[in-house]
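Structure record follows, encoded as structure tokens.
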Amino acid sequence: MLPMEGLVNYVLNRDYGCRHITLIDPGKQSAEVATRRAIAAIEAGSSMIFVGGSTDTPDEVVHETCKSIQDALELQVFASSQDPMSEEEKWKIPVVLFPGGAHALSPAADGITFMMLMNSKIRRFLIGEQLRGAPYLEKFGVEPLSTGYLVFSPGGKVGEVGEAELIENGQEEIVHSYALTAKMFGFKLLYLEAGSGASSQVDAESIKSAAKVEELCLIVGGGIRTGEQAALAAKSGANWVVTGTLTEDASSMDELKQRISQIVEAIQSSSS
Ligand code: 1GP
């Protein structure tokens with residue numbers, strides 16, 4: 001659901017400090033479970049929901065999940081508007097597509113990370129999927145958030161499928177060049193990705209190097225499971241920290257909320 005200030009302003013607004021994104025992969029759970037998890041995540045302090053991740057989920061499945069989350073958010077906003085003690089704005093959380101390709105789109109989303117996998121070796125992920133998706137996004141009015149996407153070692157599935165020339169620890173100069181290139185292309189966001197379920201997160205020096213390009217809003221994700229790891233990303237310059245797996249493997253909604261609260265507290269106190 002769109003926040004009052006609009007999607008781009010909300011995403012780029014640094015007054016909030018470092019914020020948290022919960023990534024929901026519609027290929028890995030039903031729309032109903034995805035919705036319950038999204039609502040629990042927002043209760044625990046997540047400020048944005050990404051829908052996507054897998055490279056082979058069809059449109060219908062992505063759409064059903066986006067629609068179901070949006071309906072639940074609308075209900076929450078309505079319920080809060082009836083209760084003077086409750087904050088309506090808290091539920092105006094954007095649902096943004098994080099696509100694996102042009103097949104995973106939905107008109108029910110508030111926006112999309114319109115990405116170039118900058119270190120891919122193949123045309124398909126540099127410009128091909130984007131060419132296929134752009135007319136569809138234009139038609140349905142889904143707002144693009146222009147995003148440079150960089151995959152770091154170990155890279156996981158996205159590194160493999162995207163045929164990324166993985167960035168290793170110690171390559172801060174290359175990271176800085178990529179960040180400058182992203183700025184010069186006019187991208188608003190730069191997403192530093194270690195891969196879903198990665199055994200190690202993007203290293204602090206790489207994040208610091210990208211953060212030198214102040215015009216970019218930095219999203220960091222992949223392999224972050226603890227408050228400590230999230231705090232390291234926030235301290236190094238991340239504006240947003242993404243987690244996916246820790247939501248999906250929580251054994252209950254209470255555990256999910258506890259895990260997310262811990263991350264949100266850690267990033268907020270490290271970035272204020
Ligand atoms: C993947 O960065 C995200 O695109 C999230 O990774 O599943 O490891 O949290 P995790």
Side-chain angles (χ1 to χ4, degrees), residues 11 18-29 33-34 37-38 40-41 44-57 62 65 95-101 104 112-120 125 129 145 147-164 166-167 175 189-204 206-207 210 217-234 236-250 255-264 266-267:
V11 172
C18 182
R19 286 175 283 171
H20 181 253
I21 298 168
T22 290
L23 170 65
I24 303 264
D25 188 340
K28 291 189 183 156
Q29 59 219 292
V33 171
R37 286 178 172 157
S46 275
S47 303
M48 185 147 57
I49 302 294
F50 272 2
V51 175
S54 286
T55 41
D56 49 6
T57 318
V62 175
T65 300
V95 176
V96 171
L97 296 166
F98 172 60
I112 180 168
T113 52
F114 194 70
M115 300 188 285
M116 174 192 282
L117 205 179
M118 297 179 79
N119 57 336
S120 174
F125 291 105
E129 292 291 327
L145 294 166
T147 306
Y149 190 45
L150 266 188
V151 183
F152 288 71
S153 184
K157 185 100 188 281
V158 67
E160 226 174 88
V161 176
E163 294 188 40
L166 297 177
I167 298 172
V175 175
L189 301 158
L190 184 65
Y191 190 141
L192 311 182
E193 168 78 270
S196 184
S199 51
S200 57
Q201 69 188 109
V202 174
D203 66 292
S206 290
I207 302 173
C217 175
L218 279 189
I219 306 182
V220 177
I224 296 176
R225 299 192 59 89
T226 64
E228 213 176 20
Q229 288 175 299
L232 181 74
S236 309
N239 301 108
W240 289 92
V241 167
V242 188
T243 64
T245 306
L246 75 82
T247 297
E248 279 160 10
D249 68 9
E255 190 182 7
L256 182 163
K257 281 194 211 168
Q258 203 188 353
R259 288 177 174 186
I260 292 181
S261 308
Q262 214 179 52
I263 294 215
V264 171
I267 59 179

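Counting starts at 1 for both ligands and their atoms, in listed order. This structure is a prediction, so every number in the text was calculated from the model and none was measured.
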| query | For Lys257, does its backbone N or O pair with a side-chain atom of Ser261 as donor and acceptor, under 3.5 Å? | reply | yes

| message | As a test of reading the model: which residues have a non-hydrogen atom less than 4.0 Å away from ligand 1? | response | Leu23, Phe98, Tyr191, Glu193, Gly195, Ser196, Gly197, Gly221, Gly222, Gly223, Thr243, Gly244, Thr245

| remark: Taken to the nearest 0.5 Å, the spacing of Met116 CE from Thr147 OG1 works out to 11.5 Å

| said: Tell me whether Glu255 at atom CD has more than 12 heavy atoms from other residues, nucleotides or ligands lying less than 6.0 Å away. | reply: yes

| Main-chain N/O of Thr226 paired with Gln262 side-chain donor or acceptor, under 3.5 Å | no

| Check: Trp240 side chain, Val11 main-chain N or O, donor-acceptor pair, under 3.5 Å | yes

| If we ignore angles and hydrogens, is there a donor and acceptor under 3.5 Å between the side chains of His20 and Ser46? | yes

